Structures are given as C-alpha cells and as structure tokens.
Amino acid sequence: MVKNALNFGHELLQEVIQPKDTVVDATMGNGHDTLFLAQLVGNNGQVFAYDIQEKALENTKKRLTTAGELSQCHLLLKSHDQLEDLPEEIAGAIFNLGYLPSGDKRIITKRDTTLKSLTILLEKLKKSGRIVLVLYYGHPGGQEEKEAVLEFCKKLPQKEFSVIQYSFMNQIHEPPILIVIEKNVGL
C-alpha cells in the first residue's frame with residue numbers, strides 16, 4: 001500500500017536513526033513526531049524538540065509522559081531556527097510545516113526561519129543522516145514557504161546531498177509534500 005507523506009517520512013528516518021543518536025523535531029506540534037523519535041533513540045539518545053507555542057509544549061509533554069519517553073527529550077519553547085542547544089552532530093530531523101493542528105491557524109511556520117533552521121541542521125547532519133520535511137501549504141503563507149523550501153532543496157549540491165520529493169498528484173486540496181534530504185556518505 002502506498003504510504004502517506006508523514007508515514008513514508010517516518011519509515012525513511014527509521015532506516016538511519018539508531019539508539020543513542022541525537023535527533024531534532026523542529027516543529028513539536030502535538031508531540032507525535034517527538035514520541036516517534038524518542039522511541040527510536042531510546043533512553044540513551046536525545047531528542048531536541050522545538051515549538052513557539054506553549055500549547056504544543058504542554059501537549060507534547062503530556063504525550064511523552066504517558067508513554068514513558070520524556071527523559072531523553074529536551075522540549076524547547078522557541079523557534080526551530082534557534083538551535084544553539086544542539087550538539088555538533090545529529091542523525092536526523094523532522095519538520096511538519098504549517099500550523100499546529102487544533103491550534104491558532106494564524107501562527108504558522110515561515111520561510112525565513114525554516115530556511116535558517118535547515119541550513120544549520122544540514123551542517124550538523126552526520127553522513128547518511130536524513131532530514132524529513134512534510135510541507136502542508138493549503139493555508140495563507142503556506143505556498144510561499146513551500147516554494148522557498150523546494151527552491152532551497154533544488155540548489156543543494158548533489159555531491160553532498162541526495163534530495164527526493166514525494167507527493168500524491170491526484171489528490172485535491174493541496175496534499176502534503178514530503179522532502180527528504182540525505183547527507184551523502186562519500187564526503
């Protein structure tokens with residue numbers, strides 16, 4: 001069965017993230033991806049999760065506590081472009097670009113902070129590491145961010161990175177687009 005963008009992104013991260021790794025959830029949201037990453041890295045790994053909304057942090061903390069996966073997580077109430085807390089090397093990262101489901105739809109991810117965050121994370125990404133971006137763009141401001149992210153990814157040097165785009169072409173209402181960036185091993 002063909003997977004949706006988020007499930008396929010999770011599968012691709014699962015292939016490269018190991019116990020004890022350090023990973024990033026750049027858009028914490030309601031904590032689904034944070035929990036997924038925490039389970040992959042285990043108790044000896046680290047998950048750095050970012051969001052600018054208190055509600056996102058509260059929802060994520062509750063989800064992680066219920067699942068017994070909070071100890072390896074750093075929940076940070078700040079923008080994903082403020083990555084000074086990160087170690088020098090990460091195995092993977094995930095972004096769900098758009099707005100907080102069931103939150104204020106006027107608070108959205110934005111082109112400039114997303115591109116800054118991507119630039120920093122690509123520098124810290126270990127060889128064979130992956131960054132997954134799920135672009136939800138059917139809202140005001142979403143199209144601009146989508147176009148900027150796609151253009152940024154197209155310009156990444158192919159000797160350093162492999163980039164794929166995955167989306168459903170026959171769905172209505174702007175179906176999500178999955179972008180996966182992998183740091184090439186041969187560097």
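Bear in mind the structure is a predicted one, so any value in this text is a computation, not a measurement.
Under the 4.5 Å side-chain contact rule for hydrophobic residues, Leu133 and Leu86 share a cluster. Linking ILVMFWY side-chain heavy atoms closer than 4.5 Å, directly or via other members, places Leu135 and Leu156 in a single hydrophobic cluster. Val180 is not connected to Leu121 by any chain of hydrophobic side-chain contacts under 4.5 Å among Ile, Leu, Val, Met, Phe, Trp and Tyr, and they are in different clusters. There is a path of hydrophobic side-chain contacts, each under 4.5 Å, that joins Ile120 to Ile181. Transitive grouping of hydrophobic side chains (ILVMFWY, heavy atoms separated by less than 4.5 Å) keeps Ile94 and Leu76 in distinct clusters.
In this structure, Lys78 places its NZ atom where more than 12 heavy-atom neighbours from other residues, nucleotides or ligands lie under 6.0 Å away. Atom CD of Glu15 has more than 12 heavy atoms from other residues, nucleotides or ligands within 6.0 Å. No more than 12 heavy atoms of other residues, nucleotides or ligands shown are found within 6.0 angstrom of CD on Glu123.
The two residues Phe36 and His10 come nearest to each other via the heavy atoms CZ-O, 3.3 Å. Looking at every heavy atom in both residues, Val16 comes nearest to Ser128 through CG1-O, 3.3 Å. Of all non-hydrogen atoms in Asn43 and Ser71, the two that sit nearest each other are OD1-OG, 3.9 Å. Residues Gln46 and Pro87 come closest through the heavy atom pair NE2-CG, 4.2 Å. Nearest heavy-atom pair across Gln171 and Pro175 is OE1-CB, 3.4 Å. Heavy atoms only, all atoms of each residue included: Leu122 and Ile131 are closest at CD2-CD1, 3.7 Å.
For Lys155 and Glu151, the salt-bridge test passes: some basic side-chain N is under 4.0 Å from an acidic carboxylate O. With respect to Glu89 and Lys126, no salt bridge is recorded, no charged nitrogen being found less than 4.0 Å from a carboxylate O.
Separation of atoms OH (Tyr50) and CG (Leu77) is listed at 12.0 Å; rounding is to 0.5 Å. The CZ atom of Arg106 lies 13.5 Å from the NE2 atom of His139; values are rounded to the nearest 0.5 Å. Put simply, OG1 on Thr113 and CD1 on Ile52 are 8.0 Å apart, with the number rounded to the nearest 0.5 Å. Between the SG atom of Cys153 and the CD atom of Gln165 there is a distance of 9.0 Å, given to the nearest 0.5 Å. The line from OG of Ser167 to CD1 of Ile179 is 8.0 Å long, rounded to the nearest 0.5 Å. Thr27 contributes atom OG1, which lies 11.0 Å from atom CD of Gln53 (distance to the nearest 0.5 angstrom).
Counting only heavy atoms from C-beta outward, the side chains of Asp33 and Leu6 approach each other to under 4.5 Å. Counting heavy atoms from C-beta on, the side chains of Lys183 and Phe161 come closer than 4.5 Å. Side chains of Asn44 and Pro19 form no contact here, defined as non-hydrogen atoms less than 4.5 Å apart. Put simply, the side chain of Val47 reaches to within 4.5 Å of the side chain of Val41, judged on heavy atoms.
Looking only at distances, a side-chain donor or acceptor of Gln72 sits under 3.5 Å from a matching main-chain atom of Ala38. Between the side chain of Asp51 and the backbone N or O of Gly29 there is at least one donor-acceptor pair closer than 3.5 Å. In this structure a side-chain-to-backbone donor-acceptor pair under 3.5 Å is missing from Asn7 to Asn4. Of the possible polar contacts, none joining the Tyr136 side chain to the Ile177 backbone as a donor-acceptor pair under 3.5 Å is found. Looking only at distances, a side-chain donor or acceptor of Arg130 sits under 3.5 Å from a matching main-chain atom of Leu12.
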Set out, in order, the CA-CA distance, both residues' side-chain angles and the distance that settles side-chain contact (heavy atoms from CB on, under 4.5 Å) for Thr114 and Phe152, then state yes or no. CA-CA 10 Å; Thr114 298; Phe152 176 90; over 6 Å; no

Test side-chain contact (heavy atoms from CB on, under 4.5 Å) applied to Leu75 and Thr34, step by step: CA-CA 9 Å; Leu75 306 182; Thr34 310; 4.2 Å; yes

Quick one: do Leu100 and Asn30 satisfy side-chain contact (heavy atoms from CB on, under 4.5 Å)? Show the steps, please. CA-CA 7 Å; Leu100 176 64; Asn30 288 310; 3.8 Å; yes

Walk me through whether Leu178 and Val134 qualify under side-chain contact (heavy atoms from CB on, under 4.5 Å). CA-CA 5 Å; Leu178 173 69; Val134 183; 4.0 Å; yes

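Between Phe95 and His80, the ring planes are perpendicular. Angles over 60° get that label, and only those under 30° would be called parallel. Note: Phe48 and His74 have parallel aromatic rings, judged against thresholds of 30 and 60 degrees for the angle between ring planes.
Remark: of the listed residues Asp112, Ile107, Ile108, Ile108 is the sole one forming a side chain to side chain contact (heavy atoms under 4.5 Å, CB included) with Lys110.
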